[in-house]
Every structure is written in structure tokens, then in C-alpha cells.
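What's counted below: heavy atoms across the whole structure, side chains too, no hydrogens, waters or symmetry copies. We count residues from 1, following the sequence as given.
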Amino acid sequence: MKTFKKVLTILLSLVIALPLFTSCKDKEHNDSGVIQETDIDLVKDGASSYKIVLSDEPRGYEAHAAQELALNFYNATMEELETVSESAVTVNADSKLLIIGETQLTEAAGVTADKAEYGARGFVIKQKDSNVYMLGGDTMGTLYAVYEFLHHQFGYEPYAMDEIALETGVTDKKLLAFDISDIPDIAHTQGIGPYFWDKNILAGHRMRYNVFDEVFVNATGQPWHNTFEYISPAEYNDPNKPETYHPKWFAPSGQQLHYTAYGDEEELKALQDLVLEKMIYFIERDFAQGKYYEYIGFMAEDYDNSFPTSDDPFREEGKEDSVAALREKYGTAYASAMLIQFINPIAERLQQYMDEYQDGRNMNITIFAYLETEPAPVKTENGKIVPIDGDVVLEPNVNVLVAPIRASYIVDFDETGMNGLIDEWSAITSQFSFWFYDYYFQNTFIYMDSTYSLQSFYQAAKEANAKYVFNESATEEYCSPFGALKIYLTSKLTWDVNADVDALIDGFFENYFKQAAVYVRQYFEELRTYMAYLKSNSAITGVGGSDANLKQYWEEGALNRFMSLLDQAFEAIEPLKFTDRELYETLYDRVTRESLMPRYLLLQHYPTQFDSVTLARESEEFFSDCERLDITRYGILENQTVSSLVFG
């Protein structure tokens, strides 16, 4: 990469004058982080006598946990551990077994992880004599027990899908005296977009993320914006298919279902019956595959101003307009009231089905509080928030996914007003999940300074007893600066909302940027300081759809200052070209990714600082780097030319 012309004219006084800020509290778990050694050799003189033990009929995630233990034990020690079935071993004080998952040996040892207490992701690790038992409440918990064992024994820490810290060259190591258990503060968390959605599920698991079809019955391919997957317009709103034509099931906009069916009670019941029928079908299908789920999504399509505002064009002469009546009674919350009154009868009947046919297993329908359905149908009465009426109190098995897309995410949670939103929904439900928005929509390359404020959102989610959190954040195709850092932080904060964010950031920079860490960290701190200045002295916000790339926000001198720090980062890794070419290329790409924002803004807003030859070269290199790093979101490379980038 050719460096940009350096113009070091940033207001450096900002770096000194404006404080950085965090929000950290102590986590109340029984793992202090320090576990004492036993006198038992886990590895001695480069060899180990230990074996990995599974049940005679291990479940898939238990077998995967054993593979991950064997792989990382080998990477740390170069010693291959044998994996055996429980019937092939005898437990005694000297047997040296690493016992994974549910086995008769675990039961005999009295090691338990009750599903009701530990859920799908909590775990127990217990050392007894020379043996270690690693057990989860269900599904992923057993895998996380293995990762926690590796963390304490060998420093295992995944910082990104392509960066995992682990001690290597270990020849001698004492077994630790494990007697720990842990439960995540947020029961389930969604991996960030395609980064962990379907592109690399293994990496997501290593960072203790879920993919969505480990949380939700995978009814339709995704759990949100999926009502048309249940009731397809192509099937049910096509007049050329009279046998399935139900036009009253769809809003006049064609972008949502009509949740009163235009006041037609027979059509409404038929729609509810079909939704329930399809839910049961999907539940039975997935339960038959041995999958453990507690949630099924039924969430409105992703269109604003698309809920019906009247019963036209199907209103019958002299009949009350069902939507108008809702608007009169519930005001701005009419859409959420309409949705609640639609889903409650379905939820009640689904619970009856679960009790009768699924032994009372939990199954919760998740709906959206999003855009038009964000306001809760409540009122204030004698200083207390209460439901407008009993018809909008949610059934106990309905979970509300609160998704405040219009909120600002660069301030602490208490400053957003979202706590008022939670208070309002709390009047009609106790079942919450959250969807946070941690990047600027349609502002590729621009940093959203939520790195520290993020913690307050997770603390608020825990306080609301959130069952699930999805933090929609920048990934490789969006390329917001320090996206990898935020992905790491969300993976840790979901587990422990009171984690020491400063310590996490320190570890991330040291391990992820290595030889370039000092200069990239300085860029990070100065960028955050600059953003703090903007927050106090401009109209910039942390709302996803806002314009954050305007020239008025980005001083030329500041951008050149950022580039000067990144140029030093490139210089710091230059010797690796000759000593460790693979590491050099990895770090080069990581620093390059962080450089795209100031380079983009300089080319977009300050092209005249370059002569024509330099401008053409820098522009071509920018596009070349985007292509190599797969930065494609919002057509950055599609139908783009250097002139369109620079001159608009």
C-alpha cells in the first residue's frame, strides 16, 4: 500500500482534554478466575496419561466437544489424547480421565447440571481425584465447559474467527482443582450477521455465540420478518389461485398480514388456525430431530408504515371499521394491540398443545416490538403504567423482541429513553428479548462509537431478564472500523454483562494486532476521542440510518492524523515480511481493514489534497483492498468508479 500524504493537523488537545469512559461492574459468579493447582500431572515431560471419555452413545455436541478438547490439547502440547467410550474405562483415584457430557460415570460421581437451572449454555466443571467432569445443562453447555477448561489450563481465548490465543510448547502442566460452574447472563445470543450466522458456525461456537436455529424452531429459514413465510402472498394472495385465495389476510399495502382480517371473524379464525397448524408442524419436525428449542418466531415483515390504517377496501356497508376502532382505543400503539390480540389466542392454543402432546415443554412465540409495533398499548394511571385494557396483556408464552432501531447507540442505555420503553412493555409482559443496532446503516466504513456504551445495553437486557439478545453489528461486508473488536466484546458481555471492558480491549489489541498493536490502539483511542468531540459539538448521532459520513463531521487534519498512525502500524509489521510471511499478510489485512474509513473519507471529501496521479493511484488501491477484503455492502464495488466515489 502506498501511504497517504501526511498532514498532521489534528486537534491533539482533544486527546488530552476529553476523558474516555467505561461502565464496569463485578460479576457475581462462583468463578473468581483463578483456580489453584493440584499435585496431579496433566502433562509431564511432554507426555500425558489422560484419556477423553464420552458416553457409549454420545450426542452430536458431546462428540464435537471431545474433538475440540483433543485438537486444542494437541496444539498446546503436541500430545494426542485418545477418546474412548465410558464402558471401556474404570474410574478410580488414579484413572486420569477427562469425562465429557452425560455419562453413567458422571452420574455416579454426583456431578449434575440441572437443565432448569443451567439452561442450554450453562455448565459445571468438577475435578475429583485425578479425573475431571465437564457437563452442560443442555446442548452447547457441554462444549462451553470444554472451552472453559482449556481457558484455565492453556490460556485458550478466541478473539476472532481467525485469532485464538493458546499456550503452545507445553511440556509440563499440573491439573487445576476445578470446582466451578457458570451460567451466561443472557440465556441465548445470536452471532453477528453472516459472520457467525452461516459462514463459520464453528467460530461462533468458540466465541459462545448461537446461530439462530439453535434458539428458534427453524420454521422458515430465519426467525424474524417471517410472517410471509408462514402465509405466503404468492400462495394466499393470488387471485389466479382461487382455492387458496384469501385477500383479507393481507394489509392493503401488501407488506404485512392484516391482523383483524378486515373485521371478518371467519377469515381471522381461518388465518389463526393456519398459523397454529404450521407452528405445530415445524415444532414436531424439529423435535423429532432431537433439537432442543424454546422459541418460535412469528415476526412482522420489515416495512415501516405498512400496517393497515383502515378496513378499506373490504369494509362492509354499515359495519364498524375494525382498524379504526383499534386506533381510537389504543392510539399510536394500535398496531401492537392488533398484533397482540391476534397472537394471544394462538399462544393459548399452542400451550395447550405443548401440555398435551409435548410433556409441557417450554415453547414461546416471539413477536416484534419494532417500528410501528414498538409502542406498547399502555397508559399511566395514578402514576403507574398499566395496560389500556385486559385485551392487550400478553399470554405468558409470548416473548417480545424489542428492536428500537431509532435509538442512539453511542450513549449509555439510560440516556436513550429505552428504559421507559421497557417499563411500558413490562406492564403487559415479563418475557423480553432485545435486538440492538450497532452500526450505521448505509454508512459503510464509518465507526459507531458504541464500544463502551455497548456494556450498558447488555446490563439493561440482563436487568429485564432478557432471554435472547441479537446485536446487529458491522461485519466484513460492512467494514465499520473495529468491527472485530465489537464482535469479541459482545461475545464476552453476553456471558458476563459486568466484565472488565478495559481488560478485554487490552487483550484484544495485544493478541489481534500483535506487532501493530501500539499504533492501532492509539488510532482507536484518538478516533474515540474525536467521536466524543463530535457527540458534544455536532449533530452526529448513533442512530443506524443517520448520515454519519458527511463532510462537516470529518476534519481533513484529523483524517490525516489517523492515517499517520496507521502508516506507523504498517511500518511496525514490515520486518515480518522476511521472518513470518503468513503472519505479516494476516496483520497487513487487519490494519488495512482499519484504514478504510479515513482513506474513504479523504477520497470522498478531500480529493484536492492529492495531485491527479496520486488520486488515481490511491483510489485504485482503495477499491483493490475492498475487493480483496470482500467489502461489498451497499454496492461499494458494484457499478462504482473512482470518479463516482470521489466526485459523487
Side-chain angles (χ1 to χ4, degrees), residues 1-4 159-163 191-200 203-204 437-451 471-488 490 512-513 516 520 523-524 527 544-551 553-554 559 562-563 565-567 569-570 573 584-607 610 615-648:
M1 174 188 293
K2 303 297 190 297
T3 59
F4 277 71
Y159 290 99
M161 61 195 301
D162 58 349
E163 187 62 57
I192 307 300
Y195 198 82
F196 293 130
W197 185 336
D198 54 14
K199 189 168 184 177
N200 197 326
Y437 297 87
D438 188 29
Y439 71 99
Y440 288 112
F441 292 102
Q442 300 170 331
N443 281 249
T444 300
F445 306 121
I446 306 303
Y447 173 65
M448 179 181 276
D449 187 24
S450 57
T451 307
N471 186 60
E472 188 172 0
S473 184
T475 57
E476 66 266 39
E477 78 270 40
Y478 296 97
C479 196
S480 170
F482 302 106
L485 170 61
K486 288 185 181 180
I487 289 169
Y488 172 66
T490 56
Y512 190 74
F513 291 107
V520 181
Y523 166 47
F524 170 73
L527 176 58
S546 60
D547 291 323
N549 62 353
L550 300 178
K551 183 176 181 178
Y553 297 140
W554 301 101
L559 297 172
F562 299 154
M563 280 310 307
L565 293 169
L566 292 165
D567 286 340
F570 283 117
I573 65 174
Y584 169 78
E585 291 176 353
T586 296
L587 295 180
Y588 181 88
D589 281 353
R590 290 175 182 175
V591 177
T592 298
R593 186 176 293 276
E594 305 305 336
S595 77
L596 290 175
M597 186 191 85
R599 291 165 65 194
Y600 172 79
L601 291 169
L602 283 167
L603 288 168
Q604 182 81 357
H605 298 313
Y606 301 102
F610 308 103
L615 177 61
R617 184 188 67 230
E618 296 289 356
S619 300
E620 293 295 344
E621 288 182 356
F622 175 83
F623 280 110
S624 176
D625 288 337
C626 286
E627 187 170 16
R628 188 181 77 257
L629 297 172
D630 196 27
I631 311 301
T632 59
R633 190 65 174 180
Y634 298 122
I636 291 301
L637 296 180
E638 297 174 9
N639 302 317
Q640 284 273 20
T641 64
V642 172
S643 60
S644 69
L645 172 69
V646 176
F647 301 110

Side chain to side chain donor-acceptor pair (under 3.5 Å) with [X]: which residues, sequence neighbours excluded?
X	value
Thr451	Tyr447
Tyr584	none
Tyr523	none

Show the nearest heavy-atom pair for residues [X] and [Y], with the distance to one decimal.
X	Y	value
Glu594	Leu566	O-CD1, 4.0 Å
Ala548	Asn443	N-OD1, 2.8 Å
Ile446	Met597	CA-SD, 3.9 Å
Tyr437	Met448	O-SD, 4.0 Å
Val591	Ala516	CG2-CB, 3.9 Å
Ser450	Lys486	OG-NZ, 3.0 Å

Using side chain to side chain contact (heavy atoms under 4.5 Å, CB included) as the criterion, list what pairs up with Ser546, not counting sequence neighbours.
-> Tyr440, Thr541, Val543

With no hydrogens and no angle check, is any side-chain donor or acceptor of Ser624 less than 3.5 Å from a backbone partner on Glu621?
-> no

Out of Asn549, Leu596, Leu601, which residue meets the side-chain contact (heavy atoms from CB on, under 4.5 Å) rule with Phe445?
-> Leu596

Output the distance between atom [atom1] ([X]) and atom [atom2] ([Y]), rounded to the nearest 0.5 Å.
X	Y	atom1	atom2	result
Thr490	Glu472	OG1	CD	12.5 Å
Tyr600	Asp625	OH	CG	15.5 Å
Tyr588	Ile573	OH	CD1	8.0 Å
Phe610	Ser619	CZ	OG	8.0 Å
Ile631	Arg593	CD1	CZ	4.0 Å
Leu603	Leu615	CG	CG	6.5 Å

Charged tip of Arg590 within 45° of Tyr512 ring normal and under 6.0 Å | yes

Set of residues satisfying salt bridge (Lys or Arg N to Asp or Glu O under 4.0 Å) with respect to Asp547, sequence neighbours excluded = none

Determine whether the aromatic ring centres of Tyr439 and Phe441 lie less than 6.0 Å apart.
-> yes

Begin with the C-alpha distance, continue with both residues' side-chain angles, and end with the deciding distance and a verdict on side-chain contact (heavy atoms from CB on, under 4.5 Å) for Arg628 and Asp589.
-> CA-CA 9 Å; Arg628 188 181 77 257; Asp589 281 353; 2.8 Å; yes

Aromatic plane relationship, Phe482 with Phe513 - under 30° parallel, 30 to 60° tilted, over 60° perpendicular | perpendicular

For residues Trp554 and Leu602, determine if any side-chain heavy atom of one lies less than 4.5 Å from a side-chain heavy atom of the other.
-> no

Which residues satisfy the ring pair (Phe, Tyr, Trp, His ring centres under 6.0 Å) test with Tyr159, sequence neighbours excluded?
-> Tyr488

